[in-house]
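What follows is a short report on a single structure.
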Amino acid sequence: ALRDSQVPRAEVFVVSKVNNPDHGYQEALSAVERSLALLGLDRIDLMLIHSPLGGRILETWDALQEARRRGWVRQAGVSNFGVGHLEAIGAAGRPPPAVNQFELSPFCQEPALREFCEQRGIVVMGYSPL
């Protein structure tokens, strides 16, 4: 669809995710490669770990950092991570995510999580179920 749209690639910000079954170092690298192939791109702008529930967070995070070094991903982030999950990444000496995507709505405002992210330079990307 992106190729057929004739919209210049520079005008489109592409986000993809590593799903829970793809957690782990090699699994996450393979997931990034699959996403690139399926999208027909040579780079994804933002690759997120979909959820901490898949486990193996540090291995998966390390794989996204490697994907950045290889030029496959511009930025790496997380989705649905709480303060404890983010603290664990930092405590392990890893760089913080560029983005934390989580539910935000008038009924779900997450002030403590937003403040935590803001203090650490982690961009908040909100979503809301329909």
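Just so you know, residue 1 is the first one in the sequence shown, and it goes up from there.
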Between Asp45 and Arg9, is any pair of side-chain heavy atoms under 4.5 Å apart? yes

Does any part of the side chain of Gln26, heavy atoms only, come nearer than 4.5 Å to the side chain of Glu59, both counted from C-beta? no

Heavy-atom closest contact ([X] atom, [Y] atom, distance):
X	Y	value
Pro52	Ser79	CD-O, 3.8 Å
Ile44	Val14	CG2-O, 3.5 Å
Ala67	Leu29	N-CD2, 4.1 Å
Ser35	Ser16	OG-OG, 3.3 Å
Leu113	Gly82	CD1-C, 4.0 Å

Go through the steps to decide whether Arg34 and Asp22 satisfy the test side-chain contact (heavy atoms from CB on, under 4.5 Å), and finish with yes or no. CA-CA 11 Å; Arg34 264 192 322 277; Asp22 294 319; 3.1 Å; yes

If I take atom [atom1] from residue [X] and atom [atom2] from residue [Y], how far apart are they, to the nearest 0.5 angstrom?
X	Y	atom1	atom2	value
His50	Gln101	NE2	CD	8.5 Å
Cys117	Leu86	SG	CG	5.5 Å
Arg43	Arg68	CZ	CZ	11.0 Å
Arg74	Met47	CZ	CE	15.0 Å
Phe13	Leu46	CZ	CG	5.0 Å
Leu48	Phe81	CG	CZ	9.5 Å

Please check: side-chain N/O of His23 versus main-chain N/O of Thr60, any donor-acceptor pairing under 3.5 Å? no

Does Trp72 reach the main-chain N or O of Glu66 with its side chain, forming a donor-acceptor pair under 3.5 Å? no

Check the hydrophobic clustering (I, L, V, M, F, W, Y; side-chain heavy atoms under 4.5 Å; chains of links allowed) and say if [X] and [Y] are grouped together.
X	Y	answer
Leu39	Val73	yes
Val83	Ile57	yes
Val18	Leu41	yes
Val15	Val12	no

Sequence neighbours left out, what pairs pass side chain to side chain donor-acceptor pair (under 3.5 Å) with at least one residue falling in residues 90-100? Asp62-Arg94

Side chain to side chain donor-acceptor pair (under 3.5 Å) pairs, two or more places apart, involving residues 82-91: none

Would the number of heavy atoms belonging to other residues, nucleotides or ligands and lying under 6.0 Å from CD of Glu118 be above 12? no

Could you walk me through whether Val99 and Ile122 pass side-chain contact (heavy atoms from CB on, under 4.5 Å), step by step? CA-CA 5 Å; Val99 172; Ile122 301 169; 5.6 Å; no

Tell me, which pairs form a ring-ring contact (aromatic ring centres under 6.0 Å, His included) where one or both residues lie in residues 92-130, sequence neighbours left out? none

